[in-house]
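Worksheet: one structure, shown below.
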Amino acid sequence: MYYLDTNYPFEQFKMDIAVEPYVDKSMLINKLNPLIKTRNRYVCITRPRRFGKTMNANMLGAYYTQGYDAYEYFKDLKIAQVESFKEHINKYHVIYIDFSRLPDPCHSFEEYISWIKKRLKSDLENAYGIISIENNPIQDAFLETNHKFIFIMDEWDSIFYKNFMKDKDKNAYLEFLKGLLKDQPYVELAYMTGVLPIAKYSSGSELNMFREYNFINDRTYEDYFGFDEKEVKELSKHFSKPSFEVLKKWYDGYYKSDGSSLFNPRSVSFALMDGICLNYWTETGPMNEIAEYIEHNTNAVREDIVKMVAGIPVEVELEGYSVSSLQLDSRDEILSAMVVFGFLSYHDGFLRIPNYELMEKFQNVLKRKSMGTVAEIVNNSKNVLDATIALDAQKVAQYIEEVDNREIPFLQYNDENSLSCVITLCYLHARNYYDITREDKSGKGYVDYLFIPKKKGYPAIVLELKFDKSAQEAINQIKKKNYVDRVKDYEEILCVGINYSTNTKDNKHHHCIIEKYK
């Protein structure tokens, strides 16, 4: 059998639970069992890649598919404590389809969809003796069986990324799914997953029987995709490294509906297995993927990207995750797409770069030629760091003044946030050698920038900004509030005060003071 009661999800599930770390998400089953044979039996979960969609699909297939005895593999999971556990385990005919798997070779949508239909018809023929007439709809064969089925469909949207897909093919694919599933009496449950929302492609009627749950609107299934803070803390107890604090820095940054933390599960798992935090998530796709989205219309989103790299959340109203096409043009389309793919997190009306793992990639994007003057500033940022370490405050002020003189529209100063964007660009090169945090707790307050060396031989740097005051006031504040407390054990500490003045006789708006802390 290809799709009908296949052992594929069962075998995958056995491997999934055999690997440490494993986080029990089996209570997802408890959410779905009451939906079987009801009008609410159509569920679509959309999440970024690597958030556990396929593992959960395998789990569901292993649990529901008849012909196997999965009890031993579920008996120690949370679902086994639920009253309905035994009622449903291995009791259903299951159609399990991974839509990301293509025939070889596959050069057209016709080859792809014909292959799927052929496999479905072959399964029904072998199981029920159904001989399907060549051009009859596939649903006719299902109806002829007089049996009912649970459909588990993973990566429903994967075919949309193929170069051979045309608009007519997308419509044909939606019509295929509609005919197979919508209002069909043989469908006991239809559970579908993907990255892209149905609304992105459906005109509203083809697949409107599905209730769709994504990062923005999901209050029902959000506990079963990604790791929450409690789960990561518990996992970290069983591994010597990385620590929970390091995992949080690298992989936290997404949100549940109540604002609580959500971690990238794949990256957390790999980091614990390897004993080191690396950029696991972004290596799963093309390294230029973020840049490709931005470059659809760099001018529209450049300011937003610079602000978020500077640690400043961007306020925006995103209407769900619907993006009109893969050729993105407007600001909202580009930013929405980046949320869909997990490059940005969105909560309470604000966009953020989720974590250190993705921040690294956004920093690299700022160096690309398509970023224009921003890239020129970034590529000069080594000079700013060198001047700082050399205690050349005049040179630092000069470099920052040159940025101001470029008259970049979105870097026009009107508050400390604008100045922070400039400082971020001017010191971007420093991130190769420092962990740089903004508005971090140290001493008796929150310091604007804290540069903590990654390697020996570099001084720690405490940097404070002022707007229409004085650089000396910035230095005084560093000392008075003991901002050096977080880096007090470093052999060398530099205190940097930078002020931007709107009214100056000499037309030099930036002033800098650099002192060695004693």
Which word best sums up how the rings of His347 and Tyr255 line up, parallel for under 30°, tilted for 30 to 60°, or perpendicular for over 60°?
-> parallel

Might you point out which heavy atoms bring Ile353 and Leu358 nearest each other, and give the distance in Å?
-> CG2-C, 4.0 Å

Shortest non-hydrogen contact from Cys277 to Pro242?
-> SG-CG, 3.7 Å

Ion pair Glu188/Lys37, N-O distance below 4.0 Å | yes

May I ask you to decide whether Lys249 forms a salt bridge with Asp435, counting only side-chain N to carboxylate O separations under 4.0 Å?
-> yes

What is the ring orientation for Tyr42 with Phe210, classed by angle as parallel under 30°, tilted 30 to 60°, or perpendicular over 60°?
-> perpendicular

Ion pair present between Glu234 and Lys237, side-chain N to carboxylate O less than 4.0 angstrom?
-> yes

For the residue pair Tyr8 and Tyr96, categorise the inter-ring angle as parallel (less than 30°), tilted (30 to 60°) or perpendicular (more than 60°).
-> tilted

Can you say whether the rings of His147 and Tyr128 are parallel (under 30°), tilted (30 to 60°) or perpendicular (over 60°)?
-> tilted

State which residues pass side chain to side chain donor-acceptor pair (under 3.5 Å) with Thr220; sequence neighbours excluded, sorted by chain then number.
-> none

Classify the ring geometry between Phe149 and Phe142 as parallel (under 30°), tilted (30 to 60°) or perpendicular (over 60°).
-> perpendicular

Residues Glu295 and Arg368 bridged, charged N to O under 4.0 Å | yes

Going by atom type alone, with no hydrogens or angles, which donor-acceptor pairs under 3.5 Å involve a side-chain atom of residues 19-26 and a protein atom two or more places apart or on another chain?
residue: Asp24; atom: OD1; partner: Ser26; partner atom: N; Å: 2.8
residue: Asp24; atom: OD1; partner: Ser26; partner atom: OG; Å: 2.6
residue: Asp24; atom: OD2; partner: Lys78; partner atom: N; Å: 2.7
residue: Lys25; atom: NZ; partner: Asp223; partner atom: O; Å: 2.8
residue: Lys25; atom: NZ; partner: Gly226; partner atom: O; Å: 2.9
residue: Lys25; atom: NZ; partner: Glu231; partner atom: OE1; Å: 3.0
residue: Lys25; atom: NZ; partner: Glu231; partner atom: OE2; Å: 3.1
residue: Ser26; atom: OG; partner: Lys78; partner atom: N; Å: 3.4
residue: Ser26; atom: OG; partner: Ile79; partner atom: N; Å: 3.1

Tyr346 (side chain) donor-acceptor with Arg352 (main chain) under 3.5 angstrom = no

Is the side chain of Asp123 donor-acceptor paired with the backbone N or O of Asp5 at a distance under 3.5 Å, no angle test?
-> no

Derivation of the ring-ring contact (aromatic ring centres under 6.0 Å, His included) call for Tyr112 and Phe164 | CA-CA 11 Å; Tyr112 171 76; Phe164 56 67; 7.4 Å; no

Give a yes or no on whether a salt bridge exists between Glu229 and Lys248, defined as a side-chain N under 4.0 angstrom from a carboxylate O.
-> yes

Are the side chains of Leu272 and His238 in touch, meaning some heavy atoms are under 4.5 Å apart?
-> no

Would you say the side-chain atoms of Asn30 pair up with the backbone N or O of Met27, donor to acceptor, closer than 3.5 Å?
-> no

Please assess Thr193 against Arg47 for the test side-chain hydrogen bond (donor to acceptor under 3.5 Å, both in side chains), listing each intermediate value before the final yes or no.
-> CA-CA 8 Å; Thr193 75; Arg47 289 293 191 278; over 6 Å; no

Walk me through it: do Asp154 and Thr54 pass the test side-chain hydrogen bond (donor to acceptor under 3.5 Å, both in side chains)?
-> CA-CA 6 Å; Asp154 196 25; Thr54 295; 2.6 Å; yes

Verdict with supporting geometry, Ser243 and Leu247, side chain to side chain contact (heavy atoms under 4.5 Å, CB included) | CA-CA 6 Å; Ser243 67; Leu247 290 169; over 6 Å; no

Aromatic contact, Tyr251 with Phe263 (centres under 6.0 Å) = no

When you look at NZ of Lys441, are more than 12 heavy atoms from neighbouring residues, nucleotides or ligands closer to it than 6.0 Å?
-> yes

Please check if the distance between the ring centroids of Phe99 and Trp156 is under 6.0 Å.
-> no

Quick one: does Gln363's side chain get under 4.5 Å of Leu428's, heavy atoms only?
-> yes

Look at the side chain of Asp274 and the backbone N and O of Ile276, then say whether any donor-acceptor pair between them is shorter than 3.5 Å.
-> no

Quick one: does Asn279's side chain have a donor or acceptor within less than 3.5 Å of a partner on Glu357's backbone?
-> yes

Mind checking whether Phe13 and Phe74 have ring centres under 6.0 Å apart?
-> yes

Check whether any side-chain heavy atom of Arg211 lies under 4.5 Å from a side-chain heavy atom of Val43, and answer yes or no.
-> no

Leu28 side chain near Tyr63 side chain, heavy-atom distance below 4.5 Å = no

Do any N or O atoms from the side chain of Lys148 and from the backbone of Pro185 form a donor-acceptor pair under 3.5 angstrom?
-> yes

Kindly assign one of parallel, tilted or perpendicular to the pair Phe51 and Phe215, based on the angle between their ring planes and the thresholds 30° and 60°.
-> perpendicular

Should the ring pair Phe85 and Tyr71 be called parallel, tilted or perpendicular, given that the plane angle runs from 0 to 90° and is split at 30 and 60?
-> tilted

Ignoring hydrogens and angles, tell me if any N or O in the side chain of Ser345 forms a donor-acceptor pair with the backbone of Tyr254 under 3.5 Å.
-> no

Judged by atom type as modelled, is there a donor-acceptor pair below 3.5 Å linking the side chain of Ser114 to the main-chain atoms of Glu111?
-> no

Indicate yes or no: at least one non-hydrogen side-chain atom of Val187 is less than 4.5 angstrom from one of Arg41.
-> yes

Test salt bridge (charged side-chain N to carboxylate O under 4.0 Å, His left out) applied to Glu11 and Lys14, step by step | CA-CA 5 Å; Glu11 295 301 322; Lys14 288 194 290 185; 3.2 Å; yes

Determine the minimum heavy-atom distance between Ala337 and Tyr293, stating which atoms define it.
-> CB-CE2, 3.7 Å

Short N-O contact, Lys307 and Glu303, less than 4.0 angstrom | yes

Drop me the distance from Leu4's CG to Ile95's CD1, to the nearest 0.5 angstrom.
-> 4.5 Å

List the atom of Phe343, the atom of Phe362, and the distance in Å for their closest heavy-atom pair.
-> O-CE1, 3.4 Å

Is Val195 close to Lys53 at the side-chain level, that is, under 4.5 Å between some pair of heavy atoms?
-> yes

Assert yes or no for the condition that the ring centre distance of Tyr68 to Phe10 is strictly below 6.0 Å.
-> yes

Side chains of Tyr224 and Lys31: closer than 4.5 Å at any heavy-atom pair?
-> yes

Qualifying residue, where the test is side chain to side chain contact (heavy atoms under 4.5 Å, CB included) with Tyr3 and the options are Ile116, Asp98, Val94 | Ile116

Would you call Tyr64 and Asn90 a side-chain contact if the rule is heavy atoms closer than 4.5 Å?
-> no

Sidechain-backbone polar pair: Gln184 side chain, Gly179 backbone, donor-acceptor under 3.5 Å | yes

Listed by chain and number, what are the salt bridge (Lys or Arg N to Asp or Glu O under 4.0 Å) partners of Lys117, not counting sequence neighbours?
-> none

When you look at NZ of Lys241, are more than 12 heavy atoms from neighbouring residues, nucleotides or ligands closer to it than 6.0 Å?
-> no

Would you mind checking if Arg219 and Glu222 are paired as a salt bridge, meaning a charged N to carboxylate O distance below 4.0 Å?
-> no

Take atom OH of Tyr2 as the centre, draw a 6.0 Å sphere, and report whether it contains more than 12 heavy atoms from other residues, nucleotides or ligands.
-> no

Ion pair Lys256/Asp218, N-O distance below 4.0 Å = no

Is it the case that more than 12 heavy atoms not belonging to Lys454 sit under 6.0 Å from its NZ atom?
-> yes

